[in-house]
**Student:** 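One structure follows; several queries about it will come next.
Protein chains get the first letters and strands the later ones, always in sequence-line order, with residue 1 at the start of each.
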2 protein chains.
Amino acid sequence: METAWDAQLRTAGLRVTRPRMSVMDVLATHPHVDAETIVTVARAAHPSISPQAVYGVLKALVGGGLARRIEPAGGPARYELRVGDNHHHLVCRECGVVVDVDCVVGAAPCLAPSDTAGFVVDEAEVVFWGLCAGCHAVRR
Amino acid sequence: METAWDAQLRTAGLRVTRPRMSVMDVLATHPHVDAETIVTVARAAHPSISPQAVYGVLKALVGGGLARRIEPAGGPARYELRVGDNHHHLVCRECGVVVDVDCVVGAAPCLAPSDTAGFVVDEAEVVFWGLCAGCHAVRR
DNA sequence: GGCCTTCTCTTGACTTGCTCAAGAAAAGGA
DNA sequence: TCCTTTTCTTGAGCAAGTCAAGAGAAGGCC
């Protein structure tokens with residue numbers, strides 16, 4: 001599976017490079033990481049990779065539809081390889097951990113606003129805010 | 001109505017100051033503005049107000065439950081006085097304009113995830129992404 | 001009204017997260 | 001293997017917002 005990255009990259013019209021493989025490896029093993037963490041983890045396999053290279057790779061992956069970018073309020077952007085199913089996220093207000101939630105309804109946009117005010121809507125982004133099990137236990 | 005700001009501020013345990021009144025005036029007439037715009041507009045009524053004062057006022061208003069902060073991905077935070085009804089937003093990908101949408105379901109959290117993964121959820125944030133009528137017309 | 005305590009505003013430095021630009025290096029087709 | 005194009009490295013730069021210290025108001029108490 002891990003060696004299928006090159007096929008995915010080529011399908012998206014992107015060249016196969018070592019930084020891209022490394023970043024995809026990190027995303028596969030660490031879903032919902034931020035760019036800085038990707039740099040740190042990716043350096044285990046590719047010590048010379050630069051932060052800017054990671055930003056560039058992430059932009060290419062998102063542009064090519066291989067990764068998805070989420071930006072929970074009050075924190076850096078996070079990335080995941082799970083794309084195309086319009087799933088949603090649970091975010092902990094305390095520790096910031098992000099967990100996937102399957103979409104309650106069908107395909108994207110899974111919800112329709114009551115009044116679109118003339119907008120042409122293509123995506124409904126849903127974020128559930130709360131406390132994860134661990135942080136909730138500590139609070140008490 | 002505009003002179004009811006002082007009562008609202010006092011109820012929230014906040015002192016009544018000129019910067020706070022000015023910022024609330026701006027929010028009442030310009031919903032969904034960012035901090036920088038608030039500074040610009042507020043200076044019409046209070047020329048000496050500083051950006052940091054606005055940031056401080058906004059933090060106090062949000063903390064006191066008088067304003068709500070929303071942070072659409074890829075842009076600065078925006079603020080609105082409409083609080084307590086858990087409504088949602090339509091955001092234009094092109095021009096960034098934000099429009100209120102009444103909540104489809106009932107009270108907060110208006111939606112429940114299919115699997116909470118142990119989270120204690122207190123809010124469901126919904127953002128509908130698309131193109132506003134104007135930007136959609138220009139595209140074609 | 002005047003005084004005093006406390007909160008808030010001003011001023012200015014600083015941090016974070018990310019983008020832009022120029023040249024070097026690598027990918028992939030001929 | 002060579003050549004063109006894309007991508008990565010290196011380094012500067014930017015936007016949004018935070019932190020900290022002192023000056024200045026707000027509001028309770030006398």
**Student:** Is the closest basic N to carboxylate O distance between A:Arg82 and A:Asp102 below 4.0 Å?
**Tutor:**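 So A:Arg82 pairs with A:Asp102 through a salt bridge.
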
**Student:** Going by side chain to side chain contact (heavy atoms under 4.5 Å, CB included), A:Val54 matches just one of A:Thr40, A:Val26, A:Thr37, A:Ile49. Which one?
**Tutor:**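 Considering A:Thr40, A:Val26, A:Thr37, A:Ile49, a side chain to side chain contact (heavy atoms under 4.5 Å, CB included) with A:Val54 is found only for A:Ile49.
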
**Student:** Report the distance from atom CG of B:Leu14 to atom C1' of C:dC7, rounded to the nearest whole Å.
**Tutor:** 10 Å

**Student:** Does a side-chain N or O of A:Thr17 approach OP1 or OP2 of D:dT6 to a distance below 4.0 Å, or not?
**Tutor:** no

**Student:** How many whole angstroms separate atom CD of A:Glu36 from atom P of C:dT15?
**Tutor:** 15 Å

**Student:** Without decimals, in angstroms, what is the distance between A:Glu71 CD and C:dG17 P?
**Tutor:** 12 Å

**Student:** Compare every heavy atom of A:Phe119 with every heavy atom of B:Val91, then report the nearest pair and how far apart it is.
**Tutor:**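 In this case the closest contact between B:Val91 and A:Phe119 is C-CE2, 3.6 Å.
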
**Student:** Can you check the B:Ile38 CD1 to D:dA16 C1' distance for me, whole Å?
**Tutor:**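 Taking CD1 of B:Ile38 and C1' of D:dA16, I get 13 Å after rounding.
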
**Student:** Starting from P on C:dA25, measure out to CD on A:Gln52 and report it in whole angstrom.
**Tutor:**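 Roughly 18 Å, once rounded to whole Å.
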
**Student:** B:Ser48 side chain N/O closer than 4.0 Å to the phosphate oxygens (OP1, OP2) of C:dC9?
**Tutor:** no

**Student:** Using whole Å, report how far CD1 of B:Ile70 lies from C1' of D:dG17.
**Tutor:**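 Rounded to the whole Å, the gap is 17 Å.
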
**Student:** Take atom NZ of B:Lys59 and atom P of C:dC9, then tell me their distance rounded to the nearest Å.
**Tutor:**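 Rounded to whole Å, this separation is 13 Å.
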
**Student:** On the nucleotide C:dA27, are OP1 or OP2 found under 4.0 Å from the side-chain N or O atoms that A:Arg20 carries?
**Tutor:** no

**Student:** Does B:Ala60 reach a base, just sugar-phosphate, or nothing at all? Heavy atoms under 4.0 Å.
**Tutor:**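 Counting heavy atoms under 4.0 Å across all strands, no contact is made by B:Ala60.
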
**Student:** Quick one: the side chain of B:Arg15 and the base of C:dT6, do they pair up donor-acceptor inside 3.5 Å?
**Tutor:**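 Checked by distance alone, the answer is yes.
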
**Student:** With a 6.0 Å cut-off on ring centres, are A:His87 and A:His89 close enough?
**Tutor:** yes

**Student:** Please report, rounded to the nearest Å, how far the C1' atom of D:dT18 is from the CG atom of B:Leu58.
**Tutor:**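 One finds 14 Å between C1' of D:dT18 and CG of B:Leu58, rounded.
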
**Student:** With nearest nucleotide decided by heavy atoms, which residue, B:Pro76 or A:Val57, maps closer to the 5′ end of DNA chain D?
**Tutor:** A:Val57

**Student:** Output the distance between atom CH2 (B:Trp5) and atom OG (B:Ser22), rounded to the nearest 0.5 Å.
**Tutor:**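 Result: 12.0 Å between the selected atoms.
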
**Student:** Would you please confirm or rule out a distance under 4.0 Å between OP1 or OP2 of C:dT8 and any side-chain N or O of B:Arg18?
**Tutor:** no

